[in-house]
Asker: 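Have a look at this one.
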Amino acid sequence: MTGKRVRHILDTIAGMYPDAHCELHHSNPFELTIAVLLSAQCTDETVNKVTADLFRKYNKPEDYIAVSLEELEQDIRRIGLFRNKAKNIQSLCRLLLEKYDGEIPRKHEQLVELPGVGRKTANVVMSNAFDVPAIAVDTHVERVSKRLGLADPDDTVLQVEQKLMKKVPREEWTQTHHRLIFFGRYHCKAQNPGCGVCPLLDKCGEGKLRLKTVVKRKSIK
DNA sequence: CTCCCGATAT
DNA sequence: ATATCAGGAG
């Protein structure tokens, strides 16, 4: 993996998605944290549908702990994994009020201590809400990075993050993160990736292999 | 590693 | 019917 090849990949996805951005609706760091927590194993679109009403009903940490656990569970039910997430949100809000005066902290070490907030969510909050360069490795970033050879197939998400940070200039981390997500979500999809019309096909071993398989299937029929 | 889990696409 | 979706905790 040469630096020139990395540059070519970054420039190509930059051309495809010049203004890739966070698609989770939010108006402050607290709302962003709640939205990202809710987004685990769920599409952004579904999260936005739920938070549209949720953020109208709940504004501050106090609001989330003022209701019963069961009521909050019902308010986020459509997201899935709602029992874990409702419990985490209430624990998160109590901890914010106890230790941080109800505000979302800025440091990575503080963020990952929050209930329901892991490394990926912490990186999203840091980069999107506080403008700290970070590469949050979600399912799309992991899949795309491995397909394009930016990481190895057996790498953990942490290893993928470290390899991307090493290969991508720091000032491009956050934007690259968003472009990799857009590329994975709208083009290099998990089930039906658009290999046939992919500008990175010649740089993608899996894409070529995948096209052969498709041709084979067609010829078998 | 398993479990949590409803909505959507294929 | 099955895979997948901006993961995290035990």
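Throughout, a chain's letter reflects where its sequence line sits, starting with A, and its residues are numbered from 1.
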Asker: Of all heavy-atom pairs between N128(A) and C22(A), which one has the smallest distance, and what is that distance?
Answerer: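 What the structure gives for the nearest pair is OD1-CB, 3.6 Å.
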
Asker: Between T121(A) and dG8(C), does any side-chain N or O lie under 4.0 Å from OP1 or OP2?
Answerer: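 Yes, because at least one side-chain N or O of T121(A) sits under 4.0 Å from OP1 or OP2 of dG8(C).
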
Asker: I need the CD-P distance between E161(A) and dG7(C), as an integer number of Å.
Answerer: 14 Å

Asker: Under 4.0 Å between a side-chain nitrogen and a carboxylate oxygen: does that hold for R179(A) and E172(A)?
Answerer: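 Answer for the salt bridge query: no.
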
Asker: With the criterion being N/O to N/O and under 3.5 Å, what pairs connect the protein with nucleotides 8-10 of chain B, and how long is each?
Answerer:
{"unit_1": "dT8(B)", "atom_1": "OP1", "unit_2": "K49(A)", "atom_2": "NZ", "d": "3.0"}

Asker: Mind checking the C1' distance from dC5(B) to dC5(C)? Whole angstroms is fine.
Answerer: 12 Å

Asker: Distance check needed: dC4(B) C1' versus N84(A) CG, whole Å only.
Answerer: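 Interatomic distance, CG of N84(A) to C1' of dC4(B): 5 Å.
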
Asker: Charged N to carboxylate O below 4.0 Å: is that the case for K57(A) and E71(A)?
Answerer: yes

Asker: Take atom P in dT2(B) and the same atom in dA6(C), then report the distance between them in whole Å.
Answerer: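 dT2(B) and dA6(C) have their P atoms separated by 23 Å.
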
Asker: Would you mind reading off the distance between I79(A) atom CD1 and dG8(C) atom C1', rounded to a whole angstrom?
Answerer: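 My rounded result for the distance is 15 Å.
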
Asker: With nearest nucleotides of DNA chain C determined for C22(A) and V117(A) from heavy-atom distances, which residue corresponds to the more 5′ nucleotide?
Answerer: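 On the 5' side of the pair lies C22(A).
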
Asker: Within the pair R83(A) and dC5(B), is there a side-chain N or O less than 4.0 Å away from OP1 or OP2?
Answerer: yes

Asker: Are R185(A) and dT4(C) close enough that a side-chain N or O sits under 4.0 Å from OP1 or OP2?
Answerer: no

Asker: Would you say E171(A)'s side chain and P133(A)'s backbone share a donor-acceptor pair under 3.5 angstrom?
Answerer: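 Side chain of E171(A) to backbone of P133(A): no pair is present.
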
Asker: Specify the separation, in whole Å, of atom CZ of F82(A) and atom P of dG6(B).
Answerer: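 Going from CZ in F82(A) over to P in dG6(B) covers 6 Å.
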
Asker: For L37(A), which contact category applies under a 4.0 Å heavy-atom criterion: base, sugar-phosphate, or nothing?
Answerer: nothing

Asker: Just checking L180(A): base, sugar-phosphate only, or nothing, at a heavy-atom cut-off of under 4.0 Å?
Answerer: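 No contact.
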
Asker: Is any NZ, NE, NH1 or NH2 atom of the basic residue among E73(A) and R77(A) found under 4.0 Å from an Asp or Glu carboxylate oxygen of the other?
Answerer: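 Salt bridge flag = no for R77(A) with E73(A).
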
Asker: Judged by each residue's nearest nucleotide on DNA chain C, which is more toward the 5′ side, L24(A) or P115(A)?
Answerer: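 Looking at the nearest nucleotide for each, L24(A) comes out on the 5' side.
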
Asker: Suppose the criterion is ring-ring contact (aromatic ring centres under 6.0 Å, His included): which pairs have a residue in residues 94-149 of chain A, not counting sequence neighbours?
Answerer: none

Asker: Would you mind listing every ring-ring contact (aromatic ring centres under 6.0 Å, His included) that reaches into residues 16-51 of chain A, with sequence neighbours excluded?
Answerer: Y17(A)-F182(A), H21(A)-F182(A), F30(A)-Y64(A)

Asker: Using a 4.0 Å heavy-atom cut-off, does V141(A) contact any base of the nucleic acid, only the sugar-phosphate backbone, or nothing at all?
Answerer: nothing

Asker: From dG7(C), dT4(C), dA6(C), pick the nucleotide closest to the side chain of H178(A)?
Answerer: dA6(C)

Asker: Starting at atom CD of E73(A), determine the distance to atom C1' of dG6(B), rounded to an integer number of angstrom.
Answerer: 14 Å

Asker: Expressed as a whole number of angstroms, how long is the span from R119(A):CZ to dA6(C):C1'?
Answerer: 16 Å

Asker: Are the side chains of R185(A) and D44(A) in touch, meaning some heavy atoms are under 4.5 Å apart?
Answerer: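 A side-chain contact under 4.5 Å exists here.
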
Asker: Can you measure L81(A) atom CG to dT4(C) atom P for me and round it to whole angstrom units?
Answerer: 16 Å

Asker: Check every strand shown and say whether V36(A) touches a base, only sugar-phosphate, or nothing at a heavy-atom separation below 4.0 Å.
Answerer: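 Answer is nothing: V36(A) stays at 4.0 Å or more from every strand.
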
Asker: Take atom CZ of F183(A) and atom C1' of dA6(C), then tell me their distance rounded to the nearest Å.
Answerer: 17 Å

